[in-house]
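Atoms within a ligand are numbered from 1 in the order they appear, just like the ligands themselves. Numbers here are sequence positions counted from 1.
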Amino acid sequence: MSATSVKSAGRRDGSSSVRRLKPKQIAAEVQDILASTQVIDIHTHLFSPAFGKLGLWGIDELLTYHYLEAEFFRSSDIAPEEYWRLSKTERADAIWKALFLENSPISESTRGIIAVLSAFGLPTDASGLHEARRFFHAQSIERYMRRVFQMAGVSSVVMTNDPLDPDERAVWMNGGQRYPEFHAALRLDRILCGWPSHWQQLASEGYAVDERASGKSAGEVRRFLADWHKRMGPLYMAVSLPDSFQFPDDSITSKVLSEAVLPSCCEFGLPMSLMIGVRRQVNPKLRLAGDAVGKADLRALENLCHTFPDNRFLVSVLSRENQHELAVYARKFKNLLPFGCWWFLNNPSIVEEITKERIELLGTSFIPQHSDARVLEQVIYKWHNTRRTLAPILTNAYQLLHADGAEITRQKIQRDVNRLFRANFEEWTRRRAR
Ligand code: RAT
Ligand code: ZN
(Lines give C-alpha, C1' and ligand atoms only; values in the text may rest on other atoms or scores of the structure.)
(Ligands and ions follow the chains in the order given, each with its own letter.)
Protein backbone atom coordinates (compact mmCIF):
# COMPACT_ATOMS: atom_id res chain seq x y z
CA MET A 1 0.00 0.00 0.00
CA SER A 2 1.50 3.36 -0.94
CA ALA A 3 0.54 6.51 0.99
CA THR A 4 -1.84 7.49 -1.80
CA SER A 5 -3.37 4.09 -2.41
CA VAL A 6 -6.51 4.52 -0.31
CA LYS A 7 -9.42 3.61 -2.52
CA SER A 8 -12.49 5.75 -2.86
CA ALA A 9 -15.53 5.09 -0.65
CA GLY A 10 -18.36 2.88 -1.76
CA ARG A 11 -17.42 -0.61 -0.62
CA ARG A 12 -18.10 -0.09 3.07
CA ASP A 13 -20.51 -3.01 3.25
CA GLY A 14 -18.36 -5.36 1.17
CA SER A 15 -21.54 -6.76 -0.36
CA SER A 16 -19.66 -8.24 -3.29
CA SER A 17 -18.74 -11.70 -2.02
CA VAL A 18 -19.41 -14.47 0.47
CA ARG A 19 -16.59 -16.57 -0.95
CA ARG A 20 -14.71 -18.60 1.70
CA LEU A 21 -11.12 -17.45 1.80
CA LYS A 22 -8.11 -19.75 1.79
CA PRO A 23 -5.40 -18.78 4.31
CA LYS A 24 -3.18 -17.48 1.51
CA GLN A 25 -5.93 -15.17 0.25
CA ILE A 26 -6.58 -13.50 3.59
CA ALA A 27 -3.73 -10.97 3.50
CA ALA A 28 -4.81 -9.47 0.17
CA GLU A 29 -8.46 -9.22 1.24
CA VAL A 30 -7.54 -7.57 4.55
CA GLN A 31 -5.33 -5.03 2.76
CA ASP A 32 -8.02 -4.28 0.22
CA ILE A 33 -10.70 -3.79 2.86
CA LEU A 34 -8.49 -1.59 5.02
CA ALA A 35 -7.68 0.53 1.97
CA SER A 36 -11.29 0.92 0.88
CA THR A 37 -12.97 1.50 4.26
CA GLN A 38 -13.29 5.17 5.12
CA VAL A 39 -12.37 6.05 8.66
CA ILE A 40 -13.94 8.47 11.13
CA ASP A 41 -10.99 10.18 12.78
CA ILE A 42 -12.37 10.54 16.29
CA HIS A 43 -9.83 12.93 17.81
CA THR A 44 -7.84 15.59 15.99
CA HIS A 45 -6.79 19.19 16.52
CA LEU A 46 -7.83 20.14 12.98
CA PHE A 47 -10.28 22.95 12.28
CA SER A 48 -12.77 23.34 9.46
CA PRO A 49 -12.23 26.19 6.99
CA ALA A 50 -14.84 28.18 8.94
CA PHE A 51 -12.16 28.76 11.60
CA GLY A 52 -9.82 30.53 9.16
CA LYS A 53 -6.26 30.80 10.45
CA LEU A 54 -6.84 28.26 13.24
CA GLY A 55 -6.75 25.56 10.55
CA LEU A 56 -3.13 24.63 9.88
CA TRP A 57 -1.78 23.19 6.63
CA GLY A 58 1.28 23.32 4.37
CA ILE A 59 4.96 22.52 4.69
CA ASP A 60 5.88 25.14 7.31
CA GLU A 61 3.16 23.95 9.68
CA LEU A 62 4.03 20.32 9.01
CA LEU A 63 7.70 20.85 9.82
CA THR A 64 7.05 22.88 12.97
CA TYR A 65 4.70 20.24 14.46
CA HIS A 66 5.67 19.89 18.11
CA TYR A 67 6.51 16.20 17.65
CA LEU A 68 9.31 17.31 15.26
CA GLU A 69 10.37 20.26 17.38
CA ALA A 70 11.17 17.89 20.26
CA GLU A 71 13.43 15.89 17.92
CA PHE A 72 14.97 19.04 16.44
CA PHE A 73 16.33 20.22 19.79
CA ARG A 74 18.20 16.94 20.12
CA SER A 75 19.97 17.29 16.77
CA SER A 76 20.61 21.02 16.53
CA ASP A 77 22.81 23.52 18.36
CA ILE A 78 20.01 26.06 18.26
CA ALA A 79 18.70 26.55 21.81
CA PRO A 80 14.95 26.78 22.41
CA GLU A 81 15.15 30.51 23.31
CA GLU A 82 16.82 31.22 19.98
CA TYR A 83 14.43 28.97 18.05
CA TRP A 84 11.34 30.73 19.38
CA ARG A 85 12.73 34.07 18.17
CA LEU A 86 12.76 32.80 14.56
CA SER A 87 9.86 33.27 12.14
CA LYS A 88 7.74 30.24 11.18
CA THR A 89 9.57 29.82 7.85
CA GLU A 90 12.98 30.15 9.51
CA ARG A 91 11.98 27.48 12.04
CA ALA A 92 10.82 25.17 9.26
CA ASP A 93 14.09 25.74 7.37
CA ALA A 94 16.11 24.96 10.50
CA ILE A 95 14.17 21.74 11.11
CA TRP A 96 14.48 20.67 7.48
CA LYS A 97 18.26 21.20 7.65
CA ALA A 98 18.79 19.43 10.98
CA LEU A 99 16.41 16.50 10.65
CA PHE A 100 16.21 15.90 6.88
CA LEU A 101 19.51 17.06 5.36
CA GLU A 102 22.05 16.48 8.12
CA ASN A 103 20.34 13.31 9.41
CA SER A 104 18.17 10.58 7.95
CA PRO A 105 14.49 11.14 8.73
CA ILE A 106 13.89 7.69 10.17
CA SER A 107 11.79 8.65 13.19
CA GLU A 108 8.02 8.23 12.91
CA SER A 109 7.31 11.99 12.73
CA THR A 110 10.05 12.79 10.25
CA ARG A 111 9.09 9.85 8.02
CA GLY A 112 5.61 11.30 7.99
CA ILE A 113 6.90 14.46 6.28
CA ILE A 114 8.59 12.37 3.60
CA ALA A 115 5.37 10.42 3.04
CA VAL A 116 3.34 13.63 2.62
CA LEU A 117 5.84 15.21 0.21
CA SER A 118 5.97 12.02 -1.79
CA ALA A 119 2.17 11.68 -1.84
CA PHE A 120 2.03 15.04 -3.64
CA GLY A 121 4.94 14.19 -5.95
CA LEU A 122 7.19 16.79 -4.28
CA PRO A 123 10.96 16.30 -3.87
CA THR A 124 11.89 14.55 -0.64
CA ASP A 125 15.58 15.44 -0.64
CA ALA A 126 15.69 19.02 -1.92
CA SER A 127 18.23 21.34 -0.32
CA GLY A 128 15.48 23.93 0.31
CA LEU A 129 11.71 24.14 0.63
CA HIS A 130 10.90 26.51 -2.27
CA GLU A 131 9.11 23.97 -4.44
CA ALA A 132 7.08 22.57 -1.57
CA ARG A 133 6.12 26.07 -0.41
CA ARG A 134 5.03 27.02 -3.92
CA PHE A 135 2.84 23.92 -4.17
CA PHE A 136 1.09 24.37 -0.81
CA HIS A 137 0.58 28.13 -1.28
CA ALA A 138 -1.17 27.46 -4.58
CA GLN A 139 -3.93 25.34 -2.98
CA SER A 140 -7.30 26.72 -2.08
CA ILE A 141 -8.39 25.27 1.22
CA GLU A 142 -11.90 23.91 0.62
CA ARG A 143 -11.11 21.80 -2.41
CA TYR A 144 -7.69 20.91 -1.05
CA MET A 145 -9.11 19.76 2.32
CA ARG A 146 -11.44 17.32 0.48
CA ARG A 147 -8.56 16.06 -1.66
CA VAL A 148 -6.43 15.43 1.44
CA PHE A 149 -9.26 13.55 3.19
CA GLN A 150 -9.79 11.48 0.07
CA MET A 151 -6.07 10.63 -0.10
CA ALA A 152 -6.13 9.67 3.59
CA GLY A 153 -9.28 7.54 3.33
CA VAL A 154 -10.96 9.70 5.98
CA SER A 155 -14.65 10.56 5.67
CA SER A 156 -14.81 12.97 8.61
CA VAL A 157 -12.78 14.17 11.57
CA VAL A 158 -13.63 15.29 15.08
CA MET A 159 -12.11 18.63 16.11
CA THR A 160 -11.09 19.70 19.63
CA ASN A 161 -13.19 22.73 20.52
CA ASP A 162 -12.43 24.83 23.56
CA PRO A 163 -15.35 27.10 24.48
CA LEU A 164 -13.00 29.37 26.46
CA ASP A 165 -10.62 29.98 23.57
CA PRO A 166 -11.30 33.52 22.36
CA ASP A 167 -10.46 32.81 18.70
CA GLU A 168 -12.72 29.79 18.49
CA ARG A 169 -15.43 31.41 20.49
CA ALA A 170 -15.79 34.19 17.95
CA VAL A 171 -16.63 31.61 15.25
CA TRP A 172 -19.18 29.76 17.40
CA MET A 173 -20.85 32.99 18.49
CA ASN A 174 -21.25 33.95 14.83
CA GLY A 175 -23.17 30.86 13.78
CA GLY A 176 -20.47 28.17 14.04
CA GLN A 177 -19.37 25.94 11.21
CA ARG A 178 -21.24 23.89 8.64
CA TYR A 179 -18.69 21.59 7.05
CA PRO A 180 -20.06 18.04 7.28
CA GLU A 181 -16.51 16.63 7.23
CA PHE A 182 -15.86 18.25 10.63
CA HIS A 183 -17.59 17.38 13.90
CA ALA A 184 -17.23 19.28 17.15
CA ALA A 185 -16.04 17.96 20.52
CA LEU A 186 -16.52 20.09 23.63
CA ARG A 187 -13.11 20.17 25.28
CA LEU A 188 -13.11 21.04 28.97
CA ASP A 189 -9.46 21.14 30.12
CA ARG A 190 -9.65 24.75 31.24
CA ILE A 191 -12.74 24.09 33.30
CA LEU A 192 -11.83 20.69 34.71
CA CYS A 193 -8.08 21.11 35.18
CA GLY A 194 -7.64 24.88 35.26
CA TRP A 195 -10.59 26.06 37.35
CA PRO A 196 -8.55 28.52 39.54
CA SER A 197 -7.50 30.54 36.51
CA HIS A 198 -10.69 30.16 34.45
CA TRP A 199 -13.73 30.32 36.73
CA GLN A 200 -13.73 34.11 36.43
CA GLN A 201 -14.16 33.84 32.69
CA LEU A 202 -17.40 31.91 33.26
CA ALA A 203 -18.41 34.44 35.92
CA SER A 204 -17.78 37.32 33.51
CA GLU A 205 -20.08 35.62 31.00
CA GLY A 206 -22.93 35.64 33.53
CA TYR A 207 -22.62 32.19 35.13
CA ALA A 208 -22.83 32.36 38.94
CA VAL A 209 -19.72 30.31 39.76
CA ASP A 210 -17.16 30.87 42.50
CA GLU A 211 -13.51 30.16 43.19
CA ARG A 212 -14.21 26.93 45.12
CA ALA A 213 -16.83 25.69 42.63
CA SER A 214 -19.24 25.66 45.56
CA GLY A 215 -22.88 26.67 46.01
CA LYS A 216 -24.64 27.20 42.71
CA SER A 217 -21.47 26.57 40.69
CA ALA A 218 -22.24 23.01 39.56
CA GLY A 219 -25.68 24.02 38.32
CA GLU A 220 -24.20 27.02 36.57
CA VAL A 221 -21.51 24.94 34.87
CA ARG A 222 -24.34 22.72 33.64
CA ARG A 223 -26.09 25.78 32.26
CA PHE A 224 -22.82 26.79 30.53
CA LEU A 225 -22.49 23.28 29.05
CA ALA A 226 -26.10 23.33 27.88
CA ASP A 227 -25.48 26.64 26.08
CA TRP A 228 -22.37 25.25 24.39
CA HIS A 229 -24.06 21.99 23.56
CA LYS A 230 -26.66 23.99 21.67
CA ARG A 231 -24.04 26.15 19.97
CA MET A 232 -21.58 23.42 18.92
CA GLY A 233 -23.60 20.23 18.65
CA PRO A 234 -20.59 18.22 19.89
CA LEU A 235 -20.25 14.45 19.48
CA TYR A 236 -18.72 14.14 22.94
CA MET A 237 -17.24 16.14 25.83
CA ALA A 238 -13.52 15.70 26.47
CA VAL A 239 -10.62 16.32 28.80
CA SER A 240 -6.95 15.44 28.86
CA LEU A 241 -5.85 14.48 32.38
CA PRO A 242 -2.49 14.19 34.15
CA ASP A 243 -0.95 10.91 35.28
CA SER A 244 -1.75 12.02 38.85
CA PHE A 245 -5.52 12.03 38.18
CA GLN A 246 -7.51 10.49 41.02
CA PHE A 247 -11.23 9.94 41.36
CA PRO A 248 -12.92 10.48 43.72
CA ASP A 249 -10.91 12.95 45.74
CA ASP A 250 -11.53 16.40 47.18
CA SER A 251 -10.26 18.27 44.12
CA ILE A 252 -12.25 20.74 42.06
CA THR A 253 -11.68 18.44 39.07
CA SER A 254 -13.56 15.58 40.79
CA LYS A 255 -16.30 17.91 41.95
CA VAL A 256 -16.97 19.58 38.61
CA LEU A 257 -16.67 16.26 36.77
CA SER A 258 -19.12 14.41 39.00
CA GLU A 259 -21.58 17.21 39.76
CA ALA A 260 -21.67 19.03 36.44
CA VAL A 261 -19.93 17.42 33.47
CA LEU A 262 -21.04 13.80 33.80
CA PRO A 263 -24.67 14.69 34.60
CA SER A 264 -24.68 16.99 31.55
CA CYS A 265 -23.23 14.20 29.37
CA CYS A 266 -26.12 12.01 30.53
CA GLU A 267 -28.66 14.72 29.88
CA PHE A 268 -27.45 15.22 26.30
CA GLY A 269 -26.65 11.55 25.66
CA LEU A 270 -22.97 12.33 25.03
CA PRO A 271 -19.95 10.17 25.86
CA MET A 272 -17.14 11.63 27.94
CA SER A 273 -13.65 11.28 26.47
CA LEU A 274 -10.80 10.96 28.96
CA MET A 275 -7.19 11.06 27.76
CA ILE A 276 -5.12 10.17 30.81
CA GLY A 277 -1.40 10.25 31.53
CA VAL A 278 0.17 13.50 30.39
CA ARG A 279 2.80 15.21 32.54
CA ARG A 280 2.46 18.79 31.44
CA GLN A 281 5.47 21.05 30.97
CA VAL A 282 8.26 18.84 32.22
CA ASN A 283 10.47 21.13 30.14
CA PRO A 284 8.62 24.44 29.66
CA LYS A 285 11.35 25.84 27.38
CA LEU A 286 10.08 23.46 24.69
CA ARG A 287 6.54 24.87 24.94
CA LEU A 288 4.04 22.43 23.35
CA ALA A 289 6.86 19.92 22.94
CA GLY A 290 7.64 20.12 26.66
CA ASP A 291 5.01 17.64 27.92
CA ALA A 292 5.88 14.09 28.95
CA VAL A 293 4.14 10.93 30.11
CA GLY A 294 3.53 9.19 33.43
CA LYS A 295 1.86 5.96 34.49
CA ALA A 296 -1.60 6.71 35.89
CA ASP A 297 -3.58 4.98 38.61
CA LEU A 298 -6.47 3.51 36.61
CA ARG A 299 -8.47 2.80 39.74
CA ALA A 300 -9.75 6.32 39.12
CA LEU A 301 -11.23 5.01 35.89
CA GLU A 302 -12.64 1.95 37.61
CA ASN A 303 -14.35 4.25 40.12
CA LEU A 304 -15.79 6.43 37.36
CA CYS A 305 -17.14 3.51 35.31
CA HIS A 306 -18.58 1.97 38.45
CA THR A 307 -20.09 5.13 39.94
CA PHE A 308 -21.57 6.41 36.68
CA PRO A 309 -22.99 3.35 34.91
CA ASP A 310 -25.24 5.54 32.76
CA ASN A 311 -22.30 7.49 31.35
CA ARG A 312 -20.28 6.22 28.40
CA PHE A 313 -16.52 6.75 28.62
CA LEU A 314 -14.19 6.93 25.62
CA VAL A 315 -10.71 6.43 27.03
CA SER A 316 -7.12 6.66 25.82
CA VAL A 317 -4.15 6.31 28.14
CA LEU A 318 -0.73 7.69 27.32
CA SER A 319 1.55 5.37 29.20
CA ARG A 320 2.49 2.05 27.66
CA GLU A 321 2.35 0.51 31.14
CA ASN A 322 -1.35 1.38 31.47
CA GLN A 323 -2.50 -0.30 28.23
CA HIS A 324 -3.12 -3.79 29.51
CA GLU A 325 -5.04 -2.52 32.53
CA LEU A 326 -7.21 -0.37 30.26
CA ALA A 327 -8.14 -3.39 28.15
CA VAL A 328 -8.91 -5.41 31.28
CA TYR A 329 -11.14 -2.64 32.65
CA ALA A 330 -12.98 -2.59 29.31
CA ARG A 331 -13.79 -6.28 29.89
CA LYS A 332 -15.33 -5.34 33.24
CA PHE A 333 -17.25 -2.23 32.23
CA LYS A 334 -19.48 -2.10 29.18
CA ASN A 335 -19.57 1.70 29.49
CA LEU A 336 -15.82 1.93 28.70
CA LEU A 337 -14.54 2.09 25.12
CA PRO A 338 -10.74 2.22 24.71
CA PHE A 339 -9.50 4.26 21.77
CA GLY A 340 -6.31 5.19 19.98
CA CYS A 341 -2.57 5.03 20.53
CA TRP A 342 -1.71 8.68 20.98
CA TRP A 343 1.35 10.89 20.96
CA PHE A 344 4.37 8.91 22.23
CA LEU A 345 2.52 5.64 21.57
CA ASN A 346 1.89 6.38 17.92
CA ASN A 347 4.88 4.38 16.68
CA PRO A 348 4.46 1.15 14.72
CA SER A 349 6.17 -1.06 17.31
CA ILE A 350 3.96 0.17 20.14
CA VAL A 351 0.77 0.40 18.08
CA GLU A 352 1.33 -3.20 17.04
CA GLU A 353 1.74 -4.39 20.61
CA ILE A 354 -1.28 -2.47 21.92
CA THR A 355 -3.55 -3.45 19.04
CA LYS A 356 -2.73 -7.14 19.32
CA GLU A 357 -3.37 -6.98 23.05
CA ARG A 358 -6.72 -5.26 22.52
CA ILE A 359 -7.83 -7.74 19.84
CA GLU A 360 -6.91 -10.66 22.07
CA LEU A 361 -8.79 -9.22 25.03
CA LEU A 362 -11.65 -7.33 23.38
CA GLY A 363 -12.22 -8.72 19.89
CA THR A 364 -13.42 -5.79 17.80
CA SER A 365 -14.98 -3.81 20.66
CA PHE A 366 -12.49 -0.91 20.68
CA ILE A 367 -11.35 1.93 18.41
CA PRO A 368 -7.81 1.17 17.24
CA GLN A 369 -6.63 4.64 16.34
CA HIS A 370 -7.25 8.36 15.98
CA SER A 371 -4.76 10.67 14.28
CA ASP A 372 -4.39 13.55 16.78
CA ALA A 373 -3.47 15.52 13.65
CA ARG A 374 -2.80 19.22 14.14
CA VAL A 375 -1.87 19.92 10.53
CA LEU A 376 -4.24 18.88 7.75
CA GLU A 377 -1.88 16.77 5.61
CA GLN A 378 -0.83 14.68 8.63
CA VAL A 379 -3.94 12.57 8.16
CA ILE A 380 -2.35 11.21 4.96
CA TYR A 381 0.64 9.61 6.63
CA LYS A 382 -0.95 8.85 9.98
CA TRP A 383 -3.82 6.88 8.45
CA HIS A 384 -1.55 5.23 5.91
CA ASN A 385 0.68 4.06 8.77
CA THR A 386 -2.30 2.84 10.78
CA ARG A 387 -3.56 0.75 7.86
CA ARG A 388 -0.07 -0.60 7.22
CA THR A 389 0.34 -1.65 10.86
CA LEU A 390 -3.17 -3.11 11.09
CA ALA A 391 -2.89 -5.23 7.94
CA PRO A 392 -0.57 -7.98 9.26
CA ILE A 393 -2.22 -7.93 12.69
CA LEU A 394 -5.69 -8.57 11.28
CA THR A 395 -4.34 -11.05 8.73
CA ASN A 396 -2.75 -13.03 11.52
CA ALA A 397 -5.94 -12.93 13.60
CA TYR A 398 -8.02 -14.35 10.70
CA GLN A 399 -5.39 -16.93 9.82
CA LEU A 400 -5.39 -18.18 13.40
CA LEU A 401 -9.18 -18.25 13.35
CA HIS A 402 -9.12 -20.21 10.12
CA ALA A 403 -6.58 -22.65 11.56
CA ASP A 404 -8.89 -23.14 14.52
CA GLY A 405 -11.69 -24.14 12.19
CA ALA A 406 -13.68 -21.02 11.24
CA GLU A 407 -14.73 -19.93 7.77
CA ILE A 408 -13.32 -16.57 6.79
CA THR A 409 -15.12 -14.44 4.22
CA ARG A 410 -14.61 -10.97 2.87
CA GLN A 411 -17.95 -10.03 4.32
CA LYS A 412 -16.90 -10.91 7.85
CA ILE A 413 -13.62 -9.02 7.53
CA GLN A 414 -15.47 -6.00 6.15
CA ARG A 415 -17.97 -6.07 9.02
CA ASP A 416 -15.11 -6.10 11.54
CA VAL A 417 -13.10 -3.31 9.90
CA ASN A 418 -16.24 -1.27 9.64
CA ARG A 419 -16.75 -1.68 13.34
CA LEU A 420 -13.15 -0.68 14.15
CA PHE A 421 -13.02 2.29 11.76
CA ARG A 422 -16.53 3.68 12.19
CA ALA A 423 -19.37 1.74 13.77
CA ASN A 424 -18.04 1.52 17.35
CA PHE A 425 -17.76 5.29 17.40
CA GLU A 426 -21.15 5.83 15.77
CA GLU A 427 -22.74 3.52 18.29
CA TRP A 428 -21.01 5.24 21.19
CA THR A 429 -22.06 8.70 20.05
CA ARG A 430 -25.50 7.46 18.93
CA ARG A 431 -24.93 9.40 15.73
CA ARG A 432 -24.37 8.30 12.18
CA ALA A 433 -21.34 10.37 11.26
CA ARG A 434 -20.45 11.26 7.69
O1 RAT B 1 -0.84 14.74 20.75
C2 RAT B 1 -0.80 15.95 20.92
O3 RAT B 1 -0.71 16.74 19.97
C4 RAT B 1 -0.77 16.50 22.32
O5 RAT B 1 -0.14 17.73 22.29
C6 RAT B 1 -2.08 16.74 23.00
O7 RAT B 1 -2.76 17.76 22.35
C8 RAT B 1 -3.04 15.65 23.14
O9 RAT B 1 -3.31 15.03 21.94
C10 RAT B 1 -4.33 16.15 23.75
O11 RAT B 1 -5.36 16.20 23.06
O12 RAT B 1 -4.29 16.51 24.93
ZN1 ZN C 1 -5.00 15.54 21.11
Side-chain angles (χ1 to χ4, degrees), residues 39-47 51 54-57 61-73 107-110 112-113 154 157-165 168 182-194 234-245 253 257 261 271-294 296 313-320 322-323 326 338-347 350-351 354 367-379 381-383 385-386 425:
V39 82
I40 303 170
D41 193 344
I42 78 154
H43 168 63
T44 75
H45 298 265
L46 301 177
F47 287 96
F51 291 84
L54 287 180
L56 306 181
W57 50 286
E61 300 296 351
L62 284 165
L63 283 167
T64 54
Y65 183 35
H66 69 89
Y67 290 27
L68 279 103
E69 286 175 334
E71 292 170 34
F72 166 73
F73 292 122
S107 74
E108 179 69 5
S109 313
T110 51
I113 300 283
V154 166
V157 303
V158 182
M159 304 178 281
T160 295
N161 303 107
D162 180 350
L164 296 185
D165 179 291
E168 269 197 61
F182 291 83
H183 309 287
L186 183 45
R187 177 84 172 223
L188 301 173
D189 291 28
R190 293 192 209 207
I191 290 171
L192 280 168
C193 303
L235 291 188
Y236 57 79
M237 297 196 201
V239 65
S240 188
L241 295 159
D243 60 326
S244 55
F245 173 64
T253 304
L257 185 61
V261 175
M272 180 71 204
S273 162
L274 308 172
M275 300 179 79
I276 309 171
V278 56
R279 293 192 60 223
R280 295 270 179 226
Q281 296 298 283
V282 165
N283 186 353
K285 283 186 184 166
L286 306 192
R287 299 192 181 172
L288 212 48
D291 295 344
V293 55
F313 296 95
L314 262 171
V315 178
S316 208
V317 286
L318 190 53
S319 145
R320 182 182 174 196
N322 279 138
Q323 301 304 324
L326 176 66
F339 77 94
C341 304
W342 59 311
W343 210 339
F344 316 114
L345 301 170
N346 192 6
N347 304 308
I350 300 183
V351 173
I354 296 173
I367 296 175
Q369 193 54 303
H370 65 275
S371 76
D372 236 309
R374 282 175 187 263
V375 184
L376 179 65
E377 299 87 349
Q378 289 170 344
V379 291
Y381 85 83
K382 291 192 182 219
W383 283 108
N385 292 358
T386 294
F425 183 66

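When each of H183, R187, E168, H45 is tested with N161 by the rule side chain to side chain donor-acceptor pair (under 3.5 Å), just one qualifies, namely E168.
Nearest protein heavy-atom neighbour of atom 9 (O) of ligand 1: D372 OD1, 2.7 Å. The nearest protein atom to atom 6 (C) of ligand 1, hydrogens excluded, is given as R374 NH2, 3.5 Å; this is a heavy-atom distance. Looking only at heavy atoms of the protein, atom 12 (O) of ligand 1 is closest to R187 NH2, 2.8 Å. The nearest heavy-atom contact from the protein to atom 1 (O) of ligand 1 is Y67 OH, 2.7 Å.
Assignment of H370 to the shell around ligand 1 is not supported, since no heavy atom sits closer than 4.0 Å. Residue contact annotation: L288 has no non-hydrogen atom under 4.0 Å from ligand 1.
Taking any N or O of Y65, backbone or side chain, none lies under 3.5 Å from an N or O belonging to ligand 1. The shortest N/O to N/O separation between W342 and ligand 1 does not fall below 3.5 Å. By the 3.5 Å distance cut-off applied to N or O atoms, S240 is counted among the residues near ligand 1.
A side-chain donor-acceptor contact under 3.5 Å links T44 to the backbone of V158. In this structure, the side chain of Y65 does not engage the main chain of Q378 through any donor-acceptor pair within 3.5 Å. Side-chain N or O atoms of Q369 include one that pairs as donor or acceptor with a backbone N or O of C341 at under 3.5 Å. Distance alone, capped at 3.5 Å, is enough to place a donor-acceptor pair between the D41 side chain and the S371 backbone.
Close approach of ligand 1 to R280 (heavy-atom distance below 4.0 Å) involves ligand atoms 12 (O). With ligand atoms numbered from 1 in the order given, ligand 1 contributes 9 (O), 11 (O) to contacts under 4.0 Å with heavy atoms of H43.
Partners of L56 according to the side chain to side chain contact (heavy atoms under 4.5 Å, CB included) rule, which considers only residues two or more places apart in sequence or in another chain, are E61, V375.
Within the 4.5 Å cutoff, no side-chain heavy atoms of L286 are placed close to those of E69. No side-chain heavy atom of I276 sits under 4.5 Å from any side-chain heavy atom of L326.
The two residues I113 and L68 come nearest to each other via the heavy atoms CG1-CD2, 4.0 Å.
Here the protein contributes H43 NE2, H45 NE2, D372 OD1 as N, O or S atoms under 2.8 Å from the Zn ion (ligand 2).
Between D372 and K382 no salt bridge is recorded (no basic side-chain N to carboxylate O distance below 4.0 Å).
Heavy-atom neighbours of R190 CZ from other residues, nucleotides or ligands within 6.0 Å: above the threshold of 12.
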